[in-house]
Amino acid sequence: MSPYFEKEKLDPHLTAIADPSGVRCFLVEGSERALLIDTCSGVGNLAEYVATLTDKPLTVWVTHGHVDHVGGAGWFETVHLNAADTAAAQDGMALAHRREYVRTAMDGELPPDDAFCPVETRSFAPLDDGDTLDLGGLHAQALAFPGHTQGSMAVLLPELETALLGDACNTRVYLFGPWASTVADYRASADHFRHTYAHLYRQALVSHGPSPYVDPAILNNCVILCEQILAGMDDREPGTEIGVPVYFAKRERRPGLRADGGFGNILYGRDKI
């Protein structure tokens, strides 16, 4: 067993894999091929670990260019990413950024240097809205969901009635930093996604948090929060997240737990209103 990864079998065809920082990637297996969605933060040889889980030909898709999703891309020969996130990904693959992300996520602990993927830059194969992969009895479809980053993608698994939302919509949507959209643009993106695709899945998966599952109603909640932010009716609680001054749309008792008992929150930069 790898000291760097933990797996959780969600379905005969679907496995969640978590690295030491707590971020998840997902392995989807059909009868003919396998798809890895995201590559975690680059700690531990993810390619070798995935090879212990499946011997099928593997395709790798990355939902967006942040360090905790693209950090392990260098372990694989070919990785697909939306072109709008190329600059974010090249920034995220920098070893110094990966080390700092993992150190922060692990409360100051840090695996040895040789545990990190040594590759710091690479080119990516394209991943575009509507791209579909036939895995044999199962299909995966990449769906544009910009906002968290300009190139953020979700993945629909129609036969499993499952949407992998990555960081595009979860219990804490981050709309701050150079790669994020405005709140208004994110609202439009989330509204389009729910009206176009929500009827095609009954369960949603996310990359962070105590469980890989999230209530699909999170999408509606985030649209409502955007509307409150734009109307100046959110809590607009000032705070700091990963060293960046932000507003919390809803006050929290602890990270991810809203003080009002609701679920789903948006942390946004002052320049994103």
Engineer: Rounded at 0.5 Å granularity, tell me how far SG in Cys226 sits from CD1 in Ile266.
Structural biologist: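 These two atoms lie 3.5 Å from each other.
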Engineer: Check for me, please, whether Leu267 and Val183 land in the same ILVMFWY cluster - side-chain distances under 4.5 Å, paths through other members count.
Structural biologist: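 No, because Leu267 and Val183 fall into different hydrophobic clusters, even though each may have its own neighbours under 4.5 Å.
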Engineer: State whether Tyr247 and Arg270 meet the cation-pi test: NZ (Lys) or CZ (Arg) under 6.0 Å from the six-membered ring centroid, and within 45° of the perpendicular axis.
Structural biologist: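 Here Arg270 passes the 6.0 Å and 45° test against Tyr247.
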Engineer: Can you name the closest pair of heavy atoms from Gly147 and Tyr186 and give their distance?
Structural biologist: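 Looks like CA-CD1, 3.7 Å.
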Engineer: Glu6 versus Ile17: any side-chain heavy-atom pair under 4.5 Å?
Structural biologist: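 When only atoms from C-beta onward are counted, Ile17 and Glu6 do not touch, as no gap falls below 4.5 Å.
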Engineer: Within a strict 4.5 Å, meaning less than it, do heavy atoms of the Tyr201 and Leu157 side chains meet?
Structural biologist: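 No, too far: nothing below the 4.5 Å cut-off.
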Engineer: If I compare all heavy atoms of Gln141 with all of Thr132, which pair ends up nearest, and what's the gap?
Structural biologist: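 Where Gln141 meets Thr132 most closely, the heavy atoms are CG-OG1, 3.6 Å.
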Engineer: Treating Arg258 as the side-chain partner and Gly264 as the backbone partner, does any N or O pair qualify as donor plus acceptor under 3.5 Å?
Structural biologist: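 Yes.
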Engineer: Pick one: which of Glu237, Arg172, Glu252, Lys250 meets side chain to side chain donor-acceptor pair (under 3.5 Å) with Asn265?
Structural biologist: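 Exactly one candidate clears the test, Glu252.
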Engineer: Is there a path of hydrophobic side-chain contacts, each under 4.5 Å between heavy atoms of I, L, V, M, F, W or Y residues, that connects Leu164 with Leu219?
Structural biologist: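 No, it is not one cluster - the side chains of Leu164 and Leu219 are not joined through contacts under 4.5 Å.
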Engineer: Nearest 0.5 Å, please: how far is CG in Leu156 from CG in Leu143?
Structural biologist: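 So the CG of Leu143 and the CG of Leu156 are separated by 5.5 Å.
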Engineer: Would you say Pro158 and Leu200 make side-chain contact, with heavy atoms under 4.5 Å?
Structural biologist: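 Sidechains of Leu200 and Pro158: no contact.
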Engineer: For Ile242 and Phe176, what are the C-alpha separation, side-chain angles and deciding distance, and is it a side-chain contact (heavy atoms from CB on, under 4.5 Å)?
Structural biologist: CA-CA 11 Å; Ile242 56 174; Phe176 60 86; 3.9 Å; yes
Engineer: With Arg24 as the cation and Phe26 as the aromatic partner, state whether NZ or CZ is under 6.0 Å from the six-membered ring centre and within 45° of the axis.
Structural biologist: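 Cation-pi check for Arg24 and Phe26: fails.
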Engineer: Quick check: does any side chain N or O of Glu8 sit under 3.5 Å from a backbone N or O of Ala16, one acting as donor and the other as acceptor?
Structural biologist: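 No.
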Engineer: I'd like to know if Val173 and Leu230 are part of one continuous hydrophobic network [Ile/Leu/Val/Met/Phe/Trp/Tyr, side-chain heavy atoms within less than 4.5 Å].
Structural biologist: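 They do share one cluster, since a chain of ILVMFWY contacts under 4.5 Å joins Leu230 to Val173.
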Engineer: To check you understand the geometry: which heavy-atom pair defines the closest contact between Val223 and Ala190, and what is its length?
Structural biologist: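 That closest heavy-atom pairing would be CG2-CB, 3.7 Å.
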Engineer: Within a strict 4.5 Å, meaning less than it, do heavy atoms of the Arg236 and Ile229 side chains meet?
Structural biologist: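 A side-chain contact under 4.5 Å exists here.
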Engineer: For the CD1 atom of Ile218 and the SG atom of Cys169, what is their distance to the nearest 0.5 Å?
Structural biologist: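 Going from CD1 on Ile218 over to SG on Cys169, the span is 5.5 Å.
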Engineer: Once you round to the nearest 0.5 Å, how far does CG of Leu10 lie from OG1 of Thr162?
Structural biologist: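 Those atoms lie 9.0 Å apart.
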Engineer: Are the side chain of His13 and the backbone N or O of Glu29 linked by a donor-acceptor pair below 3.5 Å?
Structural biologist: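 Yes; at least one donor-acceptor contact below 3.5 Å.
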Engineer: Should Leu135 and His139 count as side-chain neighbours, where that means a heavy-atom distance under 4.5 Å?
Structural biologist: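 No, every pair of side-chain atoms sits at 4.5 Å or beyond.
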Engineer: Find out if a path of hydrophobic residues (ILVMFWY) with successive side-chain heavy-atom gaps under 4.5 Å connects Tyr197 to Trp61.
Structural biologist: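 The answer is no; the residues belong to distinct hydrophobic clusters.
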Engineer: Heavy-atom distance under 4.5 Å between the side chains of His80 and Thr59, does that happen here?
Structural biologist: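 Counting from C-beta outward, His80 and Thr59 do come under 4.5 Å.
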Engineer: Hey, does the side chain of Ser21 reach the backbone of Val102 with a donor-acceptor pair shorter than 3.5 angstrom?
Structural biologist: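 No.
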Engineer: Kindly give the heavy-atom pair with the smallest separation between Gly44 and Trp75, and that separation in Å.
Structural biologist: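 Result for this residue pair: O-NE1, 2.9 Å.
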Engineer: Could you please spell out the steps behind the side-chain contact (heavy atoms from CB on, under 4.5 Å) verdict for Arg194 and Asn220?
Structural biologist: CA-CA 7 Å; Arg194 68 171 176 168; Asn220 294 329; 3.0 Å; yes
Engineer: Inspect the contact between Arg187 and Glu227 and indicate whether a charged nitrogen and a carboxylate oxygen are less than 4.0 angstrom apart.
Structural biologist: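 Yes.
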Engineer: Are more than 12 heavy atoms, taken from residues, nucleotides or ligands other than Met106, located less than 6.0 Å from that residue's CE atom?
Structural biologist: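 It does: Met106 CE has more than 12 such atoms within range.
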Engineer: Has the side chain of Asp19 got a donor or acceptor atom that lies under 3.5 Å from a matching backbone atom of Phe5?
Structural biologist: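 No, Asp19 side chain to Phe5 backbone: no donor-acceptor pair under 3.5 Å.
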Engineer: Between the side chain of Asp85 and the main-chain N/O of Ala88, is any donor-acceptor distance below 3.5 Å?
Structural biologist: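 No, because the side chain of Asp85 does not come within donor-acceptor range (under 3.5 Å) of the backbone of Ala88.
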Engineer: Kindly give the heavy-atom pair with the smallest separation between Arg122 and Met93, and that separation in Å.
Structural biologist: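 Minimum heavy-atom separation between Arg122 and Met93: CG-SD, 3.6 Å.
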Engineer: Is there side-chain contact between Phe76 and Thr39, with heavy atoms separated by less than 4.5 Å?
Structural biologist: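 Sidechains of Thr39 and Phe76: in contact.
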Engineer: Shared ILVMFWY cluster between Val244 and Trp179, side chains joined below 4.5 angstrom?
Structural biologist: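 Different clusters: Val244 never reaches Trp179 through Ile, Leu, Val, Met, Phe, Trp or Tyr contacts under 4.5 Å.
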Engineer: Please indicate whether Glu100 has more than 12 foreign heavy atoms, meaning atoms of other residues, nucleotides or ligands, lying under 6.0 Å from its CD.
Structural biologist: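 Yes, enclosed.
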Engineer: How many angstroms lie between atom CE of Met153 and atom CG of Asn82, to the nearest 0.5 angstrom?
Structural biologist: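 It is 5.0 Å, given to the nearest 0.5 Å.
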Engineer: Would you check, one step at a time, whether the test side-chain contact (heavy atoms from CB on, under 4.5 Å) holds for Leu27 with Leu35?
Structural biologist: CA-CA 6 Å; Leu27 178 66; Leu35 171 66; over 6 Å; no
Engineer: Which residue in the set His69, His66, His208 passes ring-ring contact (aromatic ring centres under 6.0 Å, His included) when paired with His148?
Structural biologist: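 Single pass found, and it is His66.
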Engineer: If you look at every heavy atom in Val43 and Pro20, which pair is closest and at what distance?
Structural biologist: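 Minimum heavy-atom contact is CG1-CG, 4.0 Å.
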Engineer: For the pair Asn221 (side chain) and Phe263 (backbone), establish whether a donor and an acceptor sit closer than 3.5 Å, ignoring hydrogens and angles.
Structural biologist: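 Present.
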Engineer: State, with a plain yes or no, whether a side-chain heavy atom of Thr149 is found less than 4.5 Å away from one of Ser152.
Structural biologist: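 A side-chain contact under 4.5 Å exists here.
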Engineer: Quick one: do Lys272 and Asp185 make a salt bridge, cutoff under 4.0 Å?
Structural biologist: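 Asp185 and Lys272: not salt-bridged.
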Engineer: Check the pair Val206 / Thr171 against side-chain contact (heavy atoms from CB on, under 4.5 Å), numbers first and verdict last.
Structural biologist: CA-CA 9 Å; Val206 292; Thr171 56; over 6 Å; no
Engineer: Quick one: CD on Gln203 to OH on Tyr213, what's the gap to the nearest 0.5 Å?
Structural biologist: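 Reported to 0.5 Å precision, the distance equals 5.0 Å.
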Engineer: Is it true that the side chains of Asp38 and Thr63 contain a donor and an acceptor less than 3.5 Å apart?
Structural biologist: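 Yes, because at least one side-chain N or O of Asp38 sits under 3.5 Å from a partner of the opposite role on Thr63.
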